[in-house]
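Presented below is the structure to which this report refers.
Chain letters run A, B, ... following the sequence lines, proteins first, then strands; residues in each count from 1. Remember, predicted model here, so these are calculated numbers, not experimental data.
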Number of protein chains: 2
Amino acid sequence: MRIGEIAALVGLTTRAIRHYHHVGLLPEPERRPNGYRAYSVRDAVLLARVRRLTELGLGLDEVRDALADDAGRELAEILKELDADLARQEADIRERRRRLGALLAEPPGATGPVSPGLAALLAQAPRTDSPSAAKDREYLTLVDATGTGSQEIFALLATLVADPAVVELYERLDALAEAPADDPRIVLLAADLMAAVPDELFAAIPQDGVVVAGLKEALLAEYAPAQAEVVRRLMDAFMKRGRG
Amino acid sequence: MRIGEIAALVGLTTRAIRHYHHVGLLPEPERRPNGYRAYSVRDAVLLARVRRLTELGLGLDEVRDALADDAGRELAEILKELDADLARQEADIRERRRRLGALLAEPPGATGPVSPGLAALLAQAPRTDSPSAAKDREYLTLVDATGTGSQEIFALLATLVADPAVVELYERLDALAEAPADDPRIVLLAADLMAAVPDELFAAIPQDGVVVAGLKEALLAEYAPAQAEVVRRLMDAFMKRGRG
DNA sequence: AGAAACCCTGCCGTTGCGTCAAGGTCAAGG
DNA sequence: CCTTGACCTTGACGCAACGGCAGGGTTTCT
């Protein structure tokens, strides 16, 4: 048989068979005078076996081991490993499909799924289009997505934002967008903000901030100078009180 | 944030993030004076989304589409496709595990699983260590594995080999191993062989032989000249009677 | 001041072939 | 006889999503 014929017979492509030769899975057969590969019935039998095994999901080197004429013990081991591997993959796929289903179920917000704690928090928060509030929501969504924040903190924050007075605080922060870094309102706002934070929340803040040091700078970089000053004061206070 | 920080935050490797820049999934952020990438909170949010989507199994270009700020409709479509794809994969894996289980269940013969028809045939066949019979078994295993043979033919063959007289025929074929191509026993054996084949079997042979022309030559190449002559006569007869 | 722990830009390796590219070979038909 | 067309040959690049390494600079801690 020529390569195309044996390929059609066992249901492989010529390219695959040449590949098997290349990687040493199947030795190169004799050649005809014209250089064509001349395959025997035994080659076909071997290739049929190779096909069965690769279709089961074995890698080519595993197939090589399994075919190494000492098949017996070796093979069973490989197959058991493979089955375990497939079981893992299957569970994996099921988990993914589960999450996919959750995603497909609720298409309102494009922000993706959030933990129940954060969901409650966002539901509690007053409807405002303050840019600063938007930044906060973005930040909270991030810490939620990264698993950095605890449900406890979200709960405490929920009681905080339930107070309609926070809207005014956000507006005062927004108002500092164009202000210089030494604007007197900075100190006042920082003090009022800290006064609004209940003690339990202070206690709940993890001492090393938010796991990643650089996140603090990145956060400050999002604000105008005067606003950043307010946020910095708040964060410093959280750090100190959190520790003490 | 530097790349290592944001990577730790969202749970990716720095290498992956750089890869995303490279393929245009996420634009390169500003650089610090020293050349380090400087990431913002928004980058972290984006990367968190990327991670969620890739973990679901989306390819990077699909993620790119899904993130293209028009997310809404596009995304749901992609996700539904993905779910269908995962369903296929899951079924696939289950099928593979099923066959794996079958393989693990019966480890006696290393030849792999055979169709019920062939199994019955092999069980019926008398125990002989005739090399010619071994060739036949190999050949039958091959056509079975490739799905080239029908269960009907196996059944007809089973009735044929149930006759203990076939052993003698095989032995006469073996005896021709060293014979010249014009040995008088050739004609006799060929005639006896054809006489042993029931008419139903002739009728059941597909007219175009065995799908692949070259298989015939390959088969003949396995025999010594005199034996090949016998086999060739048999095959010719099959071809002619099969058609007529 | 030196080591540890970062960061940078390439470039090769992985898996199992698909897909050209740039040709030889062979059987059949005008 | 010459031309298709369907085969065959070797060789090399492409793919998906990064991992790992080389060879170098920066920052930071001690």
Distance only, no hydrogens: is a donor on one side chain within 3.5 Å (strictly under) of an acceptor on the other, for Thr141(A) and Asp144(A)?
no
Leu60(A) side-chain proximity, nearest of dT9(D), dG16(C), dC18(D):
dG16(C)
His19(B) NE2 to dA16(D) P: how many Å, rounded?
9 Å
Stepwise, does the salt bridge (Lys or Arg N to Asp or Glu O under 4.0 Å) test hold for Glu90(A) with Arg97(B)?
CA-CA 10 Å; Glu90(A) 194 182 333; Arg97(B) 295 229 306 161; 3.4 Å; yes
Can you tell me the distance, in whole Å, between the CD atom of Glu5(A) and the P atom of dC7(D)?
10 Å
Quick one: is dG19(D) close enough that its OP1 or OP2 comes under 4.0 Å of any side-chain N or O from Thr13(B)?
yes
Rounded distance (Å) that lies between atom P of dT10(D) and atom CD of Glu28(A)
6 Å
Looking at Arg2(A), I'd like to know whether one of its side-chain N or O atoms comes within less than 4.0 Å of OP1 or OP2 on dA27(C).
no
What is the distance, to the nearest angstrom, from the CG atom on Leu25(B) to the C1' atom on dA17(D)?
11 Å
In whole angstroms, how far is the C1' atom of dT27(D) from the CZ atom of Arg32(B)?
10 Å
With a 4.0 Å limit, can you tell me whether Tyr20(B) has a side-chain N or O closer than that to the phosphate oxygens OP1/OP2 of dA17(D)?
no
Round to the nearest Å and state the distance from His22(A) atom NE2 to dC13(D) atom P.
12 Å
If you assign Tyr36(A) and Ile17(A) each to the DNA chain C nucleotide with the nearest heavy atom, which residue ends up on the more 5' nucleotide?
Ile17(A)
Give a yes/no on whether any side-chain N or O of Arg31(B) is located under 4.0 angstrom from OP1 or OP2 of dT9(C).
yes
Pair Asp85(A) + Arg88(A): basic N to acidic O under 4.0 Å
yes
Under 4.0 Å between a side-chain nitrogen and a carboxylate oxygen: does that hold for Glu222(B) and Lys135(B)?
no
Now, which nucleotide makes the Watson-Crick or G-U wobble pair with dG30(C), with each of the two distances under 3.5 Å?
dC1(D)
Name the nucleic acid region contacted by Thr54(A), choosing base, sugar-phosphate or nothing; use a 4.0 angstrom heavy-atom cut-off, strictly under.
nothing
Quickly work out the Met1(B) CE to dC6(C) C1' distance and round it to whole Å.
16 Å
dA16(D) C1' sits how many Å from Arg18(B) CZ, rounded?
19 Å
Between Arg99(B) and Glu55(A), does any NZ, NE, NH1 or NH2 come within less than 4.0 Å of an OD or OE carboxylate oxygen?
yes
Do Arg15(A) side-chain and dT19(C) base share a donor-acceptor contact under 3.5 Å?
yes
With a cut-off of less than 4.0 Å, is there a side-chain N or O of Arg37(A) near OP1 or OP2 of dT9(D)?
yes
Need to verify one output field. Residue with the more 5' nearest nucleotide on DNA chain D, Tyr39(A) or Gly59(B)?
Tyr39(A)
Below 4.0 angstrom from OP1 or OP2 of dT27(D), is there any side-chain N or O of Asn34(B)?
yes
